[in-house]
Amino acid sequence: MRSKVILTALLSVSLLACAQETPKVKHKKKNTTTKTTTQKVKFANAIDPICEMKTEDDMKDTVVYKGKTYGFCSSYCKDEFKKNPEKYVQK
């Protein structure tokens with residue numbers, strides 16, 4: 001009986017730990033306001049090379065690499081690209 005209680009407690013704790021994991025990337029939501037102050041830019045990439053999310057004209061996380069502007073969904077993806085841009089430009 002005691003081992004069943006201990007087993008149940010351990011399983012409960014492990015399930016709670018897994019349920020609280022959060023993803024590394026928080027994707028931005030589509031801009032729904034009609035007035036925007038951001039400048040629309042044509043990016044060299046149509047898809048974020050890190051998480052493969054589609055790029056939009058008003059993304060604020062950008063990097064200029066070899067004269068081309070690349071757009072990213074988050075600062076995390078931008079920072080990953082900056083670590084080794086050649087790896088992602090080849091995609």
Side-chain angles (χ1 to χ4, degrees):
M1 177 69 178
R2 186 174 183 192
S3 64
K4 287 183 181 180
V5 171
I6 292 172
L7 180 61
T8 303
L10 287 173
L11 287 173
S12 298
V13 169
S14 66
L15 285 173
L16 288 173
C18 290
Q20 294 178 358
E21 267 186 41
T22 56
K24 291 182 180 179
V25 177
K26 292 185 180 181
H27 293 99
K28 75 174 205 147
K29 295 185 181 195
K30 184 134 179 108
N31 190 0
T32 56
T33 59
T34 55
K35 289 184 178 181
T36 58
T37 57
T38 57
Q39 183 179 3
K40 304 239 181 220
V41 177
K42 179 70 175 160
F43 296 120
N45 58 321
I47 296 175
D48 185 324
I50 308 302
C51 69
E52 298 181 359
M53 185 176 167
K54 187 175 184 248
T55 58
E56 298 175 13
D57 295 340
D58 62 347
M59 291 183 148
K60 67 178 180 176
D61 291 304
T62 62
V63 172
V64 176
Y65 179 71
K66 291 190 176 180
K68 295 181 181 177
T69 303
Y70 294 87
F72 302 93
C73 68
S74 67
S75 59
Y76 171 81
C77 289
K78 177 178 75 173
D79 293 340
E80 286 298 308
F81 178 85
K82 288 167 102 177
K83 289 178 186 176
N84 188 2
E86 282 296 323
K87 174 182 173 183
Y88 298 108
V89 171
Q90 298 297 330
K91 285 187 175 183

Gap separating the [atom1] atom of [X] from the [atom2] atom of [Y], nearest 0.5 angstrom:
| X | Y | atom1 | atom2 | result |
| --- | --- | --- | --- | --- |
| Thr8 | Lys4 | OG1 | NZ | 9.0 Å |
| Thr55 | Glu52 | OG1 | CD | 12.5 Å |
| Asp48 | Cys77 | CG | SG | 4.0 Å |
| Tyr88 | Lys83 | OH | NZ | 8.0 Å |
| Lys54 | Cys73 | NZ | SG | 13.5 Å |

Closest non-hydrogen atom pair, Thr69 against Thr62: CG2-CB, 4.0 Å
Show the nearest heavy-atom pair for residues Gly71 and Met59, with the distance to one decimal. C-SD, 4.2 Å
Side chain to side chain contact (heavy atoms under 4.5 Å, CB included) assessment of Glu86 paired with Tyr65: CA-CA 9 Å; Glu86 282 296 323; Tyr65 179 71; 2.4 Å; yes
Across all chains, not counting sequence neighbours, the ring pair (Phe, Tyr, Trp, His ring centres under 6.0 Å) partners of Phe81 are Tyr70, Phe72
